[in-house]
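Following: one structure in structure tokens, then a few remarks.
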Amino acid sequence: MRLSQLPLTTFKEVPAEAEVISHQLMLRAGMLRRLASGLFTWMPLGLRVLRKVEQVVREEMDRAGALELLMPAVQPAELWQETGRWDLYGNLLLRMRDRHEREFCFGPTHEEVITDIARRELKSYRQLPVNYYQIQTKFRDEIRPRFGLMRAREFLMKDAYSFHLDHASLQKTYEAMADAYATIFTRLGLRFRPVEADSGEIGGARSQEFHVLADSGEDAIVYCDADDFAANLEMAPALAPATPRSAATQRLDKVSTPNQRTIDEVCDLLDIPAQQCLKTLVVAAADGGLIALVLRGDHELNPIKAAALPGVAAPLRLADAAEVQAAAGCPPGFIGPVGVTLPVIADHSAAVLADFVCGANEDGFHLAGANWGRDIPEPETADLRNVVAGDPSPGGGGPVRIARGIEVGHIFELGDKYSRAMNASVLDQDGKESPMLMGCYGIGVSRIVAAAIEQNHDDNGIIWPEPMAPFQVVIVVLNPKKSESVTAAADALYDDLQNAGVEVLVDDRKARPGVKFADADLLGMPHRLTVGERGLAAGQVEYRERRSGAEEKLALDDVVKFIQAKLGPAPA
RNA sequence: CGGGGCAUGGCGCAGUCUGGUAGCGCAUCUGCUUUGGGAGCAGAGGGUCGGCGGUUCGAAUCCGUCUGCCCCGACCA
């Protein structure tokens, strides 16, 4: 493509609406334009990236034996009413009516539609297993769209749904999808990690997320270098400490801590570490009462673990100040387990503390030298907290590390949730009706584009992984108007590279060199060739690698070979 | 949804408090000079100042209202 033929406007300044770097850079590079909140137009260069990601996904899904189809973006309410999700999905569903006042939604996902297809098409176990997939635009009316493409309302997703007679078959496909996903993200040139995940609202048994590692990621993922443990922070178990509680040595002492509401404030005042404090959180109980959850002062409550406890209301709800006052007789900052009338559940780490500080259940006072068993009944214990870096890995390999990740893929063993609700069954070997087991496998195609930039950029702009770059090579032509020979050389190079199967963007605009270099960096093509009078006089062009900035002078005749070597073998 | 902020040319902003008919930088167009990391000079085009209503001789500016966009939202115990 010739840049002179593309109306490309790049910005030096960062558009005020863009918060995250991927959004800023795509706007600045003219790859993306916003239409409304969470709605974007993919401009020509950006679309090339999206299509490349899409194509890699498609190839690997096909290779894994999945069958591509395309379902409608708009779906009738009746299907959603069959599974009950018409009501459950709430405001995330964009609803609409047609001219006959029939209700529809713009599909946020396609379990209902595919299950409807499956129950019509699949009648015999002999047809199974089947894995259908599509690459389709979805719409979720997010409460707060943000971060550009990372949490857009309209987005491009690959979703696959598999159907099975038995669990062994489902597991086999699930594993095949996990493998395919790893291949996809590897082929795209992204640093990623599969992690054990909460299956959340979709329901079902096993579930894994695939995260692109980036400091700006919304999710915390916990992993261990020494074993293969990796999990979303939401799901990562915190093991109970191996060392037993030490004996009490201090006497219980009431200390004045006026207006010291936070752990930090109390610790500062008393000059003790947060690990020697307890924090007590009051949450709603399932029976309508309240429950006190006790954590070590330096630990954070994990709301998913807490809500999963029997007796605790799900979803988790923290008591407000008035409820705490009524239950414990003090403001929230001063509550503690000693003498409290609420049921107490302590985190494993909190339960092994001795001689600790906690709230005194009296405004302005804490207790020091408190001990379980002596001052407080031995508590019920549970895993309540978020794992922190350095905790022992559940895999047994050693301390865990925590990294930020952007969720770009998610696979589930769904089971029979939808097939039962929608009566999707086949006849088994014995001629008996059997509800099909399902798996579902999603990839956020448009989100991958943003995640790739979050992971791969510098101060000058985007650094596309080669397989995603809109073009593999950009040719910067210096002062083409001034020099016939430069223009001729650039044109020849352009033709030669294209004939060799290389995707080339040639910057033949009438612009100053500085502008072209800056735009080349911003747009992020991995390989740059510069054709100018100076080099040409010596029969050379200049090569520069975007990521490293490494430069090299090349003889004109060697360029095609050189670039081909850089690009490596074409993917199979 | 709750809280906060913003809305002035394609982008970034000033002007609003103290009302007098809109300005700067970038971008765009023309010409000349320049030409290896976002050039200089000269000129030009482009704005219902988010919408509606009100106050006023007069509103970007004051008042009301609506809309749009952005940010934050258990982590205090």
Side-chain angles (χ1 to χ4, degrees), chain A residues 7-20 23-24 27-28 30 33-39 90-91 143-148 257 259-267 274 277-284 292-304 306-307 315-321 323-325 327-328 330-337 340 357-361 363 366 384-386 459-461 476-483 486 509-522 528 530-537 541-542 544 549 551 553:
Chain A
L8 177 72
T9 309
T10 59
F11 306 138
K12 270 187 273 195
E13 285 161 308
V14 178
E17 68 184 41
E19 176 77 357
V20 294
H23 192 195
Q24 292 174 355
L27 291 173
R28 286 184 53 205
R33 294 293 182 240
R34 187 186 66 85
L35 177 63
S37 181
L39 302 179
N91 288 331
I143 298 173
R144 182 144 86 88
R146 55 182 146 176
F147 305 145
T257 52
N259 297 317
Q260 310 294 300
R261 292 163 193 286
T262 69
I263 291 285
D264 286 347
E265 288 167 351
V266 171
C267 289
C277 278
L278 290 189
K279 71 165 101 173
T280 305
L281 290 84
V282 180
V283 301
L293 303 180
V294 177
L295 296 166
R296 212 170 76 185
D298 58 326
H299 286 152
E300 274 186 4
L301 180 68
N302 178 309
I304 291 186
L316 195 71
R317 184 182 71 80
L318 263 76
D320 61 30
E323 288 175 295
V324 171
Q325 184 76 43
C330 66
F334 299 96
I335 189 168
V340 79
V357 169
C358 62
N361 298 317
D363 195 353
H366 280 73
L384 293 178
R385 68 178 175 93
N386 283 335
D459 290 345
N460 295 323
V476 172
V477 191
L478 299 181
N479 307 309
K481 287 283 184 291
K482 190 174 141 193
S483 166
V486 166
R509 294 176 299 177
K510 180 178 172 247
R512 298 172 57 82
V515 173
K516 295 189 178 192
F517 290 136
D519 276 347
D521 284 352
L522 177 61
R528 188 184 84 189
T530 304
V531 181
E533 251 184 344
R534 191 189 295 172
L536 217 51
V541 299
E542 192 173 292
R544 183 181 169 101
E551 298 193 347
K553 295 207 189 308

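Here is the naming used below: chain letters follow the sequence lines, and residue numbers restart at 1 for every chain.
Judged by Watson-Crick or G-U wobble contacts below 3.5 Å, the nucleotide B:C69 has B:G5 as its partner. Across all strands shown, B:C29 is found opposite B:G43 as a Watson-Crick or G-U wobble partner, with both distances under 3.5 Å. Base-pair partner of B:G37: not found among the strands shown (Watson-Crick or G-U wobble, both distances under 3.5 Å). Across the strands present, B:C17 finds no partner; the criterion is a Watson-Crick or G-U wobble pair with both atom distances under 3.5 angstrom. Checking B:A74 for Watson-Crick or G-U wobble geometry (two distances, each under 3.5 Å) identifies no partner in any strand. Across all strands shown, the partner of B:G12 is B:C24, judged by Watson-Crick or G-U wobble contacts whose two distances both fall under 3.5 Å. Base pairing of B:G64: its partner is B:C52, meeting the Watson-Crick or G-U wobble criterion (both donor-acceptor distances under 3.5 Å). A 3.5 Å limit on both hydrogen-bonding distances identifies no Watson-Crick or G-U partner for B:A59.
In this structure, A:Arg146 does not reach the B:C69 phosphate: none of its side-chain N or O atoms is under 4.0 Å from OP1 or OP2. Remark: A:Ser37 is in phosphate contact with B:C70, judged by side-chain N or O atoms under 4.0 Å from OP1 or OP2. Checking the phosphate oxygens (OP1, OP2) of B:G38, no side-chain nitrogen or oxygen of A:Arg512 falls inside 4.0 Å.
Nearest-nucleotide positions on RNA chain B place A:Leu536 closer to the 5' end than the other of A:Leu536 and A:Pro331. Residue A:Val515 is the one, among A:Thr280 and A:Val515, whose nearest nucleotide of RNA chain B lies closer to the 5' end (criterion: closest heavy atom).
As judged by a 4.0 angstrom heavy-atom cut-off over every strand, A:Ala16 is placed among residues touching the sugar-phosphate backbone only. Among the atoms of the strands shown, base atoms are found under 4.0 Å from some heavy atom of A:Arg528. Within the nucleic acid shown, A:Val14 comes within 4.0 Å of sugar-phosphate atoms alone, with no base atom in reach, counting heavy atoms only. If you check every strand for non-hydrogen atoms under 4.0 Å, A:Asp519 touches a base. Contacts of A:Gly535 with the nucleic acid, taken as non-hydrogen atoms under 4.0 Å apart, include base atoms. Among the atoms of the strands shown, none is found under 4.0 Å from any heavy atom of A:Asn91. Across all strands shown, A:Lys12 has heavy atoms under 4.0 Å from base atoms, whether or not it also approaches the sugar-phosphate. Across all strands, A:Arg544 comes closer than 4.0 Å to base atoms (heavy-atom distances). Within the 4.0 angstrom heavy-atom criterion, base atoms lie near A:Glu542. Residue contacts shown for A:Gly532 include a base, since a base heavy atom lies under 4.0 Å away. Looking at heavy-atom distances under 4.0 Å, A:Ile335 makes contact with sugar-phosphate atoms alone, never a base.
Side-chain contact between A:Pro331 and A:Gln325 is present, with at least one heavy-atom pair separated by less than 4.5 Å. At a threshold of 4.5 Å between non-hydrogen side-chain atoms, the residues A:Leu295 and A:Glu300 do not count as touching. In this structure the side chain of A:Val282 never reaches within 4.5 angstrom of the side chain of A:Pro332, judged on heavy atoms. In this structure, the side chains of A:Arg146 and A:Val20 stay at 4.5 Å or more apart for every pair of heavy atoms.
When distances are taken from the side chain of A:Thr10 to each of B:C69, B:G36, B:G38, the shortest belongs to B:G38. Taking the side chain of A:Glu19 as heavy atoms from C-beta on, and the options B:A74, B:C11, B:C71, the nearest nucleotide is B:C71. Checking B:G10, B:C71, B:A77 against the side-chain heavy atoms of A:Ile263 singles out B:A77 as nearest. Of the candidates B:G12, B:C69, B:A77, the closest approach to any side-chain atom of A:Ala36 belongs to B:C69.
Rounded to an integer number of Å, the gap from A:Asp264 CG to B:C75 C1' is 12 Å. Rounded to an integer number of Å, the gap from A:Lys482 NZ to B:U35 C1' is 6 Å. In this structure, CG of A:Leu35 is placed 12 Å from P of B:C70, rounded to the nearest angstrom. Atom P of nucleotide B:C69 and atom CG of A:Leu27 are separated by 15 Å, given to the nearest angstrom. A:Asp459 has its CG atom 19 Å from the P atom of B:G37, to the nearest Å. The distance from atom CZ of A:Arg28 to atom C1' of B:A27 is 14 Å, rounded to the nearest whole Å. Rounded to an integer number of Å, the gap from NZ of A:Lys510 to C1' of B:U34 is 11 Å. The distance from atom CZ of A:Arg296 to atom C1' of B:A77 is 17 Å, rounded to the nearest whole Å.
A donor-acceptor contact under 3.5 angstrom links the side-chain atoms of A:Asp521 to the base of B:G37. A donor and an acceptor atom never sit less than 3.5 Å apart when one is taken from the side chain of A:Glu533 and the other from the base of B:G36.
The separation of B:U8 from B:U61, taken at their P atoms, amounts to 14 Å, rounded to a whole angstrom. Taking the P atom of each, B:C62 and B:G19 are spaced 9 Å apart, rounded to whole Å. With P as the reference atom, B:C6 and B:G10 are 22 Å apart, rounded to whole Å. Comparing B:G15 with B:C1, their P atoms are spaced 32 Å from each other, to the whole Å. Comparing B:G2 with B:U18, their C1' atoms sit 35 Å apart, to the nearest whole Å. Nucleotides B:G47 and B:A22 are separated by 13 Å at their P atoms, to the nearest Å. Distance noted for atom P between B:G37 and B:U48: 40 Å (whole Å). Comparing the C1' positions of B:C70 and B:G50 gives a spacing of 15 Å, expressed to the nearest Å.
Here the shortest heavy-atom pairing between A:Pro513 and A:Asn479 reads CD-OD1, 4.1 Å. Between A:Asn386 and A:Leu301, the closest heavy-atom pair is ND2-O, 3.8 Å.
Here A:Arg544 pairs with A:Glu551 under the side chain to side chain donor-acceptor pair (under 3.5 Å) rule; sequence neighbours left out.
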